[in-house]
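Please read the structure below before turning to the comments.
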Amino acid sequence: MTGGSRSRTIRFMTTVSDDAVVLARLDYSETSQVIVLFTQRHGKVRAIAKGIKRHTKTRFAAGIDLLDIGHVVVSVRPDRAAGLATVTEWKQTRSLSGLREKLTRIQGAQYVAEITGHLTEDWDPHADLYDAMIATLTALSNSLEPLAAVVAFQRRLLESAGSGPRLDACMSCGSNDELTHFSSFEGGMMCRNCEPGQVEKWELSPKTLDLLRKERITDATPDMLVGAFGVLNYHIAHLMGREPRLASKLVPTVRRRTVE
Ligand SMILES: [Zn+2]
């Protein structure tokens, strides 16, 4: 809307109702927290949950925990970008208690939440990524090998963010022979001939590259999964501007990126 009498229209708060996962909780005041939600139809939404920290009875008496899955109602200004939304209702709809049974499961889930929070924009819908996240959290809650689910989600998130790595040819010369290094800046592989000219790079084994080229992560050994996690985490760290906090907890042996 531009100019004229319409610009003087009084705008009221509107409400948005959606399914959501809790990606983060940040203290806001003595009684309130900012909840970062990843919603099915509205993307990432930041909202204040007032009174959530009071020990008195509130509508959020049951609390809103990290990685909870539920149905949320928030009130928002017509100009959504102008400020935080406010949580008016929250009802947990699913309980993935299995997530908390093993440390690697919950760390995998926390990693997934952390990278999603950083690589998605507020109010930018990604319904497919939401569905992938629910599937990933469900898989993690009963998984013996959490890393396979995490690696699959890393790939989905990168694709969704428009940063899926190109793995079939050298970004510099186009050759598909002896692709030995990945460059986050270039967004794909470098060949043996071209990689010496690239400072920012990550060496990966032919097995890891094969795994990453597959449509689905199957028949991967733990070493291959760690290799795949490492290179995708390296790419994600570049896009985030820092190392994801949960990366070294989830995979203690993961190399850190060396070029800032
Ligand atoms: Zn090349």
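Numbering of ligands and ligand atoms starts at 1, following listing order.
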Crowded around Glu121 CD? As in, over 12 foreign heavy atoms under 6.0 Å? no
Is it the case that over 12 heavy atoms from other parts of the model lie below 6.0 angstrom from the NZ atom of Lys207? no
Which heavy-atom pair separates Tyr130 from Thr39 by the least distance, and what is that distance? CD1-C, 3.6 Å
Heavy atoms of His181 and Leu204 approach each other most closely as C-CD2, 4.0 Å
Answer yes or no: is there a donor N or O on one side and an acceptor on the other, between the side chain of Asp68 and the main chain of Val22, under 3.5 Å? no
Kindly assign one of parallel, tilted or perpendicular to the pair Phe229 and Tyr111, based on the angle between their ring planes and the thresholds 30° and 60°. tilted
If waters are left out, how many protein N/O/S atoms lie within less than 2.8 Å of the Zn ion (ligand 1)? 4
